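What you see is a predicted model, and the numbers here were worked out from it, not measured in a lab. Note: hydrogens, waters and symmetry copies are ignored here, and every other heavy atom, side chains too, is used.
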Amino acid sequence: MTTAFFRTVILYFFIMTGLRLTGKRQIGELEPSELVLTMMLSDLATVPMQDFGVPLIFGIISILTLLCFSTLLSHLSLCSVRFRELLCGSPTVLIDKGVFLQSALRKNRFTIDELYEELRAQGISDPSHVKYAILENSGQLSVLQWPAYQPPSADDLKRTVKDNVSIPTVLINDGRLLSKNLQKCGKPEAWLAKELKARGFADHRAVFLFTLDDHGNIFCIAKEGVS
Amino acid sequence: MKAWLIPTAILAAICAAAFFNCRVMESDADRWQSQLEETESAALAEDWALARSTLSHSYADWTAHQAYLHTVAHRDEVDNAETMYRRCAAYSLETDLSEFRAEMAGLKQQLRLLADMERFDLKNIL
């Protein structure tokens, strides 16, 4: 048990340090601590699952230790900015006001081809359109274009637009009535029955999807195979 | 309650349980070894009745800890010790001293290994 506990702690910090040293490129979409946790948890769970000679408690101790360490580290990183920087790193600017920072590219082992690939993936074919490119801690590239190449917003065009953005609430999901959501919308069941009747449905079981947004707009799809 | 208290408490509990397990394994192994020493002395004195009785007492003690051992130790090692106990019992019935002593040495070594595997030291961790 002690061996399992201390080995887990040592390997957790070892892999974490390794990932921080190899840089953001290795990470993908997760932060270093999340990636280490994901990698190690999946492997740890399979050992006692497959090898019946290993007591289940070895796997449980290792997994609990990892989860606790991960929770503690995330709390510490919330408390201290410096600790967070140490744990997750800090974003690196690769293009600053249109200037390619070659030393930053080299330091992060980012080739021009890869940078171009990332820009193309974001719909940018001309790098001169880029004002800032930032390599985030998660390994993703955030690109901000010069204002001249950004699509104009309503504010840029000095136009007023109607605020019609709202989140629709699902009231019927695959024939099931979601009473909680109906209450949240402040509508009685009688109102829903009336709306369904108006659309030719006998009851909610005949409806695949029924949503209502803040502006009172209703979206309704009939369930297939139910008359 | 502060959110970091729960993981800290769990880590402390794991650590405490791990060290408690070290102590328990160590004291159990010592006890079984002293029981086996007694058995071996009786066998050397050709008192096979006493040797069988002390071995049977030691085996009963060992069997009573099987559930715990299977929870905290590698099962192969526990099963090996179990097999050795049974072999020792068989040799004691045959009153074959040389085979009995050889098996007894192996059993004592195996019990020591079980305790050593749970001991907190650098050799185990590395």
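- Rounding to the nearest 0.5 Å places CG of B:Leu11 at 6.0 Å from OG1 of A:Thr65.
- Below 4.5 Å, heavy atoms of chain A meet heavy atoms from B:Asn21, B:Cys22, all part of residues 20-33 of chain B.
- Counting heavy atoms of neighbouring residues, nucleotides and ligands inside a 6.0 Å radius, atom OH of A:Tyr116 does not exceed 12 of them.
- Inspection of non-hydrogen atoms places B:His70, B:Thr71, B:Val72 of residues 63-72 of chain B under 4.5 Å from chain A.
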Could you list the donor-acceptor pairs under 3.5 angstrom formed by side chains in residues 67-74 of chain A, with sequence neighbours left out?
| residue | atom | partner | partner atom | Å |
| --- | --- | --- | --- | --- |
| A:Thr71 | OG1 | A:Leu67 | O | 2.6 |
| A:Ser74 | OG | A:Ser70 | O | 3.2 |
| A:Ser74 | OG | A:Thr71 | O | 2.8 |

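- Both the backbone and the side chain of B:Ala17 come within contact range of chain A, with heavy atoms under 4.5 Å apart.
- Residues of residues 75-104 of chain B that come within less than 4.5 angstrom of chain A, heavy atom to heavy atom, are B:Arg75 in numerical order.
- Scanning all heavy atoms of the two residues, the minimum distance from B:Glu118 to A:Phe58 falls at OE2-CZ, 4.2 Å.
- For a residue to count as touching a neighbouring chain, one of its non-hydrogen atoms must lie under 4.5 Å from one of that chain's; by this rule B:Ile14 touches chain A with the side chain only.
- Within the 4.5 angstrom heavy-atom criterion, no atom of A:Leu76 approaches chain B.
- Across every non-hydrogen atom of B:Leu126 and A:Arg7, the tightest pair is C-NH2, 3.7 Å.
- Around atom CG of A:Asp156, more than 12 heavy atoms belonging to other residues, nucleotides or ligands sit under 6.0 Å away.
- In the displayed structure, A:Glu189 atom CD is contacted under 6.0 Å by at most 12 heavy atoms of other residues, nucleotides or ligands.
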